[in-house]
Amino acid sequence: MTDTPARQATPLVTGSEIARLAGVTRAAVSNWRRRYDDFPTPSGGGVNSPLFDLAEVRAWLDRQRKGQEVSAEVQLWQVLRGAYGDDMLGGLVDVARLLDEGVAREELPADVVRLARELAESCGAAEAVSVLAERFTESVRRAGSDQITAPRVIRAVRHFAGEVAPGTTLFDPACGIGSLLLAIGPEQGARRCGQESDARRAVFAQLRAGLTGRTGVGIVTGDSLRNDRWADLRADLVVCDPPVGEPDWGREGLLLDPRWEFGTPSRAEGELAWLQHAYAHTAPGGRVLMVLPASVAYRKAGRRIRAELVRRGVLTQVTALPSGTAASHALPVHLWQLRRPRTLGDAATRVRMVDLTAGDPDGSLEPAAEQTADVPLVDLLDDAVDLTPGRHVEDSHRDYAVEYRTLRRELTEQARLLAELLPALVAGDGPGLPDGPTVSVADLARAGLVEYGDREPVSISDQLDTDYLQGFLRSAANTRRSTSSSGTFRLDGKGARIPQMDITGQRRYGAAFRALQEFEERARRVVELSRDAATLARDGLGNGALAPDS
């Protein structure tokens, strides 16, 4: 009987890959899944990142004639690119105005008007503006810009914001085109306030809100730090993905600003200015969710402000998001959560640290027990005030007792072996051995007895013992020859000289030199273990994980 070969697994593809295959956006693929009952069901992945059978997808695209002709959205994007060039945001604003007002302005190209109306007729104005916003986000992401909030970041903020009740006031002081502000909370019943320094982004965000049916949205133009247009606003939830690495955020003109409740940020800590600005707009009991670079958690310049946030019980959680969550780079970003206490007794007593850096950026954002640690405030208030989640999560889940026993046992064994390795030496014949007949290493090399390896000369002859050779190369006389006038030692060996001795004598000396080499290596290991054991014991005694043996 012949063996039947196993059927090869059909490749699986993501929604993004389907979009590229069909020449549309991910939003269009999501729309197809909702509108068409016969769209292939997921064959793998999770709820947030389903995977589809490639053969089934291709068959469905063929039946629906998707991807065989250029869709209206692709044509519209291409025409906008030709008409507006690098000013695509201006094109989006004009299209959004057309869809909102229903009347084409004279300066709007005829092809843009026609294709925009076709797209709106096929999927609705709300879907049309969402498709264009997604294409714009994707194009900016491919250009490596931080100007647009990445979809994965939005998903993370939405997840950790949790359920947002109707009647909630939301605020985003750097709202861009509104992606984050419009994604959080219910579509209806929430008040949304935003500010954006780029006038075109602010206009598009406002039009986008109206076209997608969201009411109670107000977005104004202006630099939030220098010109706060919402000075009297106190929101229940502030969300923000602020500009990062700005060399001038206006510090010199804002030194006495009352928003710096936890300390005036330095020029290099503009992110902490945005964080305090957001907190200043938070109502009692309200929260802040802010996306920040990982370096904000440990930079020396921000230590004092971090300490105040911790000391006053304002910081409640720091989450290190999976690598790749941000659009333009693979570096991890953090999500900081602050809460304004209603009363003095309402302040946080611990900070929850969540480390998701090893996770899939498209996977679950629900942390496992081993990925979290609730850290008492006093444990954070050391000289560094390092709020990096990974550091505290790792410490929290260490088994100090087992680790200390293991270190102590290894240290004891290494110390025992150390004493045994030190060679037994007796009194020699006195000075003079190196002053007797010697031969240079260069002469040995020319005679074919030595070759130069990657690090130092080695013997290639049974007339010369390598350990003997290298032991005398490290002798005081040869060390002086190999040390430059600046004090730098380099074991060259070409100018070194070693005593002439028969092979039996060489081997006796070589064995002693070899034992000394092993002794030195073991001694270094003992020093490392001693330092690690002392540090672990001190930390364990200090945090209660270890106690003296009665």
Side-chain angles (χ1 to χ4, degrees), residues 4-77 118-138 141-142 150-164 179 182-188 212-213 321-325 327 356 358-368:
T4 302
R7 181 177 178 270
Q8 290 188 345
T10 305
L12 300 180
V13 291
T14 65
S16 297
E17 290 168 331
I18 296 174
R20 286 194 291 271
L21 187 65
V24 298
T25 64
R26 286 179 295 177
V29 175
S30 298
N31 190 40
W32 291 344
R33 292 185 63 194
R34 291 193 301 269
R35 290 174 56 194
Y36 297 98
D37 293 335
D38 64 338
F39 190 88
T41 57
S43 299
V47 175
N48 295 317
S49 54
L51 298 173
F52 302 88
D53 185 291
L54 177 58
E56 293 180 4
V57 168
R58 281 179 168 156
W60 186 87
L61 291 173
D62 289 341
R63 289 197 305 272
Q64 297 291 336
R65 299 187 62 79
K66 303 290 186 183
Q68 297 181 14
E69 57 185 26
V70 181
S71 64
E73 67 186 78
V74 174
Q75 292 182 63
L76 176 57
W77 187 260
E118 284 183 14
L119 181 60
E121 288 173 4
S122 66
C123 64
E127 184 68 22
V129 75
S130 296
V131 163
L132 292 174
E134 182 174 344
R135 275 200 174 271
F136 179 69
T137 299
E138 185 70 14
R141 183 194 68 77
R142 285 198 301 268
R152 288 168 173 168
V153 170
I154 295 172
R155 183 173 78 98
V157 176
R158 186 191 301 123
H159 174 84
F160 287 101
E163 191 72 24
V164 177
S179 299
L182 300 179
I184 306 300
E187 291 189 6
Q188 301 296 331
T212 54
L321 298 174
S323 299
T325 297
L356 301 177
D360 182 349
D362 293 316
S364 173
L365 293 169
E366 196 61 40

Just how far is it from atom [atom1] of [X] to atom [atom2] of [Y], taken to the nearest 0.5 Å?
X    : Y    : atom1 : atom2 : answer
I18  : L61  : CD1   : CG    : 7.5 Å
E118 : L76  : CD    : CG    : 9.5 Å
E187 : L182 : CD    : CG    : 10.0 Å
F136 : S179 : CZ    : OG    : 9.5 Å

R155 side chain vs P361 backbone, donor-acceptor pair below 3.5 Å: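 The answer is yes, because a donor-acceptor pair under 3.5 Å joins these two groups.
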Heavy-atom closest contact (S130 atom, T212 atom, distance):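 Reported closest heavy-atom pair: OG-CG2, 3.9 Å.
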Between V164 and I184, which heavy-atom pair has the shortest distance, and what is it?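 Of all heavy-atom pairs spanning V164 and I184, the closest is CG2-CG2, 4.1 Å.
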Close side-chain approach of [X] to [Y], heavy-atom, < 4.5 Å:
X    : Y    : value
W77  : L119 : no
E127 : R34  : yes
S43  : F52  : no
T137 : P151 : yes
R33  : P40  : no
P42  : L51  : no
W60  : D53  : no
H159 : E366 : yes

Verify the neighbour count for atom CD of E163: are there more than 12 heavy atoms of other residues, nucleotides or ligands below 6.0 Å?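 Check fails, neighbour count at 12 or below.
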Can you confirm whether more than 12 heavy atoms, excluding those of R58, are under 6.0 Å from its CZ atom?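 Count not over threshold, so no.
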Pick out which of V157, L321, T325 makes a side-chain contact (heavy atoms from CB on, under 4.5 Å) with R152.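 Looking at V157, L321, T325, the match for R152 under the side-chain contact (heavy atoms from CB on, under 4.5 Å) is T325.
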